[in-house]
**Q** 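Below is a structure I'd like to ask you about.
Letters A, B, ... are given to chains in the order of the sequence lines, protein chains preceding strands, and every chain is numbered from 1. Quick note: numbers below take in every heavy atom, side chains included, and nothing from hydrogens, waters or symmetry partners.
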Amino acid sequence: PCQGAEGRPAILYALLSPSLEPH
Amino acid sequence: PEPFSGGPGVPELILQLLQLEPEEEQVRARILGCLQEPTKGRPDQPAPFGLLCRMADQTFISIVDWARRCMVFKELEVADQMTLLQNCWSELLVFDHVYRQIQHGKDASILLVTGQEVELSTVAAQAGSMLHSLVLRTQELVLQLHALQLDRQEFVCLKFLILFSLDVKFLNNHGLVKDAQEKANAALLDYTLCHYPHCGDKFQQLLLCLVEVRALSMQAKEYLYHKHLGNEMPRNNLLIEMLQAKQT
């Protein structure tokens, strides 16, 4: 349930989202 | 903690990595803040193991944040960033823990990212055999790197090498990653030759330690999987998500 398409880890994808600025 | 020491003989890549290195105090404060927030739907005080899982999740989030600020990594498309992190997430966590223990400098206890000390005798008495064996094996690597006099400059460079350790054939942007690998290897070699000339094979010995980091990370993943199968992991755990993600 916590994986997106193609076994992609959804939380990691969200953390790497370009819209999210690194601290 | 050691200051950000530059000076002659420190390659530019290592100087840049030192600048990117997060302050341990800031990481500690952020993670402590997160752990004090109540868990959604589970208002009760979480068990120690649940807290450790959240602590590890938050530590990994700090590592992702570091990676996103790293040169080369920040230039890559998200697909390549994910491939690199899926390859090395557990090694980065192990290496982060190992370096904290080297700075801690005490044989009889381990220092958590939150600043709490846990006596090894407590681990022996209260952790299961799998975790105890993992902690003891990790302490052996801590001793080995302490004897090698691993310093902060080498630590940041090795961390960068772990991040880019995947064979470029699995990535879209071969050129940029290959260039990063070559530059980081050259920087570490130059640095060790310049600062530890009496220890001619320090570069090779450090790279050998990364093999043990990889082996430890495999053991840690086996432990996590064991806990997952026993339904002992909290829901929406980031590390379990990483563990289950399709590997390259």
**Q** Answer whether the closest heavy-atom distance between the side chains of B:Q244 and A:P9 falls below 4.5 Å.
**A**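 Not touching, per the 4.5 Å side-chain cut-off.
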**Q** Let's go through A:L16 and B:L85 carefully: what are the C-alpha distance in whole Å and the side-chain angles of both, what is the deciding distance for side chain to side chain contact (heavy atoms under 4.5 Å, CB included) to 0.1 Å, and is it a yes or a no?
**A** CA-CA 10 Å; A:L16 290 170; B:L85 283 170; 4.0 Å; yes
**Q** What's the spacing between A:L12 CG and B:Q86 CD if we round to 0.5 Å?
**A**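 If we round to the nearest 0.5 Å, A:L12:CG and B:Q86:CD are 6.0 Å apart.
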**Q** Rounded to the nearest 0.5 Å, what separates atom OH in A:Y13 from atom CD in B:E241?
**A**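 A:Y13 OH to B:E241 CD: 13.0 Å, rounded to 0.5 Å.
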**Q** Can you give me the closest heavy-atom contact between B:N236 and A:I11, atom names plus distance?
**A**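 Here B:N236 and A:I11 meet closest at O-CD1, 4.0 Å.
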**Q** Compare all side-chain heavy atoms of A:L15 with those of B:D65 and state whether any distance is below 4.5 angstrom.
**A**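 They are not in side-chain contact.
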**Q** Working to the nearest 0.5 Å, report the span between CZ of B:R68 and OG of A:S17.
**A**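 Going from CZ on B:R68 over to OG on A:S17, the span is 7.0 Å.
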**Q** Using a 6.0 Å cut-off, check whether atom CE of B:M71 has over 12 heavy atoms from anything other than its own residue.
**A**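 Yes, CE of B:M71 has more than 12 neighbouring heavy atoms, counting only those of other groups under 6.0 Å.
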